[in-house]
Trainee: 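The structure follows.
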Amino acid sequence: MNSKVSFFILAILCLAISCQESIDNDDEKIIRAKLKEKNLRYTNDILKICRQGIIQNAERYVDSLFAEQIQLTLNDTIYFPSKPERPATKDTVTWNDTIRIAPIFEQKK
C-alpha cells in the first residue's frame, strides 16, 4: 500500500510541476536574441578560420611557385644567344632552272 500512496504523491507532484506558468514574451525575445547573437558569433568564427586556412594554402602555393622559378634560374647555367633577326629582302627570290628532271622509274611499255 505504501507503494500506491508514494505513486499517487509522485503523480500529483509531477502534475503540480508541469502546471507552472510559461516564459514571458519579453524573456523569450531576450533568449532568442542571445541565441541569434551566439549563432552569428559562431558562424563568423568558423568563416574566419576557413578564410585563414585558404589564405595560408594560397601563400604556400605562391611561395612554391616562386621557389621553383628561382631554382630554374639558378640551374640554368648555359647561355644560349637569341636567334638573329632575318634581314629584310627587297624582292622575292626566283629560281631559274632550265634543266628538265628525268623520271626516277621508267615506265614499261
Side-chain angles (χ1 to χ4, degrees):
M1 180 132 183
N2 280 338
S3 63
K4 288 183 180 180
V5 173
S6 61
F7 179 72
F8 183 69
I9 293 174
L10 181 65
I12 291 176
L13 185 62
C14 288
L15 284 174
I17 292 173
S18 65
C19 292
Q20 286 183 351
E21 190 176 312
S22 65
I23 302 174
D24 288 6
N25 283 340
D26 292 337
D27 292 341
E28 189 174 328
K29 288 179 184 177
I30 292 171
I31 291 171
R32 288 189 191 274
K34 291 290 184 181
L35 282 174
K36 189 175 182 180
E37 179 183 329
K38 188 175 180 180
N39 286 339
L40 184 64
R41 205 171 343 139
Y42 175 76
T43 305
N44 287 339
D45 290 344
I46 294 297
L47 285 175
K48 185 177 179 182
I49 291 169
C50 287
R51 284 186 186 121
Q52 287 174 349
I54 290 170
I55 289 172
Q56 286 175 352
N57 288 341
E59 285 176 351
R60 254 187 265 132
Y61 180 71
V62 170
D63 288 345
S64 69
L65 289 178
F66 283 139
E68 184 178 339
Q69 189 65 33
I70 290 170
Q71 192 65 32
L72 285 175
T73 55
L74 290 177
N75 288 341
D76 191 18
T77 57
I78 302 172
Y79 173 72
F80 292 103
S82 58
K83 291 183 179 179
E85 294 198 19
R86 186 175 286 185
T89 57
K90 296 178 185 175
D91 296 326
T92 59
V93 178
T94 57
W95 186 263
N96 294 329
D97 188 13
T98 56
I99 301 173
R100 191 159 178 189
I101 300 174
I104 298 175
F105 301 108
E106 291 185 21
Q107 295 179 352
K108 292 183 181 180
K109 291 184 183 182

Trainee: When clusters are formed from ILVMFWY side-chain contacts under 4.5 Å, directly or step by step, what else is grouped with Y61?
Mentor: L65
Trainee: Tell me who clusters with F105, hydrophobic residues only, linked when side chains sit under 4.5 Å apart either directly or through other members.
Mentor: I104
Trainee: Test of understanding: with salt bridge (charged side-chain N to carboxylate O under 4.0 Å, His left out), list the residues that count as partners of R32, not counting sequence neighbours.
Mentor: E28
Trainee: In Å and rounded to the nearest 0.5 Å, what is the CD to CD distance from E68 to Q71?
Mentor: 9.5 Å
Trainee: Enumerate, atom names and distances included, each donor-acceptor pair closer than 3.5 Å involving a side-chain atom of residues 36-55, sequence neighbours excluded.
Mentor:
unit_1: N39; atom_1: ND2; unit_2: L35; atom_2: O; d: 3.4
unit_1: T43; atom_1: OG1; unit_2: N39; atom_2: O; d: 2.8
unit_1: N44; atom_1: ND2; unit_2: L40; atom_2: O; d: 3.4

Trainee: Once side chain to side chain donor-acceptor pair (under 3.5 Å) is applied, do any residues pair with R60, and if so which ones, sequence neighbours excluded?
Mentor: N57
